[in-house]
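A quick note: this is a predicted structure, and the numbers were derived from the prediction, not measured.
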Amino acid sequence: MLRRRADLLRSIRHFFHARGVLEVETPCLSRAGATDPAIESLTVTLPEATLWLHTSPEFPMKRLLAAGSGDIYQIARVFRAGEAGRSHNPEFTLLEWYRVGFDHHRLMAEVDDLVRGLAGDRLSRPTIWLSYRQAMLDHAGIDPLHADVGELADRARALGLDVRGELDRDGWLDLIMSMVVAPALPADGLTFIHDYPASQAALARICPENPAVAERFELYWGGVELANGFHELGDAVEQGARFEADNRRRRAAGQAAVAVDHHLLAALAEGLPDCAGVALGVDRLLMCLSGCDHIRQVLAFDWERA
């Protein structure tokens, strides 16, 4: 497995070198963290400050893009609290890259090229491309853009999901996606799900032709989520408002607020080039390539033995 990982990293670097994409490194420790309520950061306390271990190298990579770096990629060790299980380890390897002049559809095609090139004959089906709405209609029988909270809750329970208590609208959507839609995707193929609800835009642009959706995608190999990508939001004011909204949701849920990355907002204000970016889980990809069913099988030391 050590050799397989080394070969995989070598092949990834060859892919980007051949396309003229520059490898970069950015700090693991930051004075700001991820505000997304679905992600919990790990912190490091120093005498002079509390710092966050990054959950993704996204923010500093966007600062490089705004400074004129051009196309860049990074293979980074990243950290997320409270994530341990069959496909999660609190410390993991993330491949992240940004392509100037790409939208999310063009970047999806490049992600497909990378993963299919690495997989060889392990993928027997053609790639499937579905909008989020179509995926939910096909596999869960509900329209995610028009159903209200009550309809989503009723549909989730009708699909056999045993939920005690109530969730908000995005909570029900996430539950149905992860527990119903993802497991129904073809096990021997890749599926891109794109154009997520605008409420789940994260750092993606809202579609100008359809404000109900964001220009965001995810890639699945069978039911395993491998990648999450955006046509990147370049509006500093809008991004700052989203950070503040995230922290309001965190406080309402009893989570600690997270320091906002003002360096990123300043870089966006200076001007982010039109670009698309994606983060792909290297450990999960290695699981799929190797036919493994637990992340510890592809790590030299998982968190219980670190």
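- In terms of the side chain to side chain donor-acceptor pair (under 3.5 Å) criterion, residue partners of Asp283 (sequence neighbours excluded) are, by chain and number, Arg5.
- Enclosure of atom CZ in Arg3 is not indicated, since only 12 or fewer non-hydrogen atoms of other residues, nucleotides or ligands lie within 6.0 angstrom.
- With no hydrogens or angles considered, a side-chain donor-acceptor pair links Arg216 and Asn228 at under 3.5 Å.
- Other residues, nucleotides and ligands contribute at most 12 non-hydrogen atoms within 6.0 Å of the NE2 atom of His17.
- For the 3.5 Å distance criterion, the side chains of Arg77 and His54 fail to qualify, holding no donor opposite an acceptor.
- Enclosure of atom NE2 in His105 by more than 12 non-hydrogen atoms of other residues, nucleotides or ligands within 6.0 angstrom is indicated.
- Looking at Gln297, its side chain does come within 3.5 Å of a backbone N or O of Asp293 through a donor-acceptor pair.
- Residues Trp52 and Phe243 fall into different hydrophobic clusters, defined by Ile, Leu, Val, Met, Phe, Trp and Tyr side chains chained together at heavy-atom separations under 4.5 Å.
- Looking at residues two or more places apart in sequence or on another chain, you find no side chain to side chain donor-acceptor pair (under 3.5 Å) involving Asp261.
- The residues Asp103 and Arg106 are annotated as not salt-bridged, no charged nitrogen and carboxylate oxygen being separated by less than 4.0 angstrom.
- The residues Glu40 and Arg250 are annotated as salt-bridged, a charged nitrogen and a carboxylate oxygen being separated by less than 4.0 angstrom.
- Contact between Leu203 and Glu232 at its shortest, heavy atoms only, is O-OE1, 3.4 Å.
- The only option from Glu58, Glu215, Arg205 that meets the side chain to side chain contact (heavy atoms under 4.5 Å, CB included) definition with Phe230 turns out to be Glu58.
- With 3.5 Å as the limit, one finds a donor-acceptor pair spanning the side chains of Asp112 and Thr127.
- For Trp303, the CH2 atom counts as loosely surrounded, since its 6.0 Å shell holds 12 or fewer non-hydrogen atoms of other residues, nucleotides or ligands.
- More than 12 non-hydrogen atoms from other residues, nucleotides or ligands lie less than 6.0 angstrom from CZ of Arg13.
- Residue Arg116 qualifies as enclosed at atom CZ: its count of foreign heavy atoms under 6.0 Å is above 12.
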side-chain contact (heavy atoms from CB on, under 4.5 Å) between Thr50 and Val44, worked out: CA-CA 6 Å; Thr50 295; Val44 176; over 6 Å; no

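- Ion pairing between a basic and an acidic side chain is recognised when a charged N comes within 4.0 Å of a carboxylate O; Asp302 and Arg305 show such pairing.
- No path of Ile, Leu, Val, Met, Phe, Trp and Tyr side chains, each step under 4.5 Å between heavy atoms, connects Leu94 with Met108, placing them in separate hydrophobic clusters.
- A parallel orientation is assigned to the rings of Tyr73 and Phe16, their planes being inclined by less than 30° (bins at 30° and 60°).
- Looking only at distances, no side-chain donor or acceptor of Glu96 sits under 3.5 Å from a matching main-chain atom of Ala76.
- A side-chain donor-acceptor contact under 3.5 Å links Asp170 and Ser199.
- For Phe59 and Tyr98, the gap between ring centers reaches or exceeds 6.0 Å.
- Minimum interatomic distance between Glu151 and Ala147 (heavy atoms only, all atoms of both residues): OE1-CA, 3.1 Å.
- In this structure, Tyr132 and Tyr196 have tilted ring planes: the angle between them lies in the 30° to 60° band.
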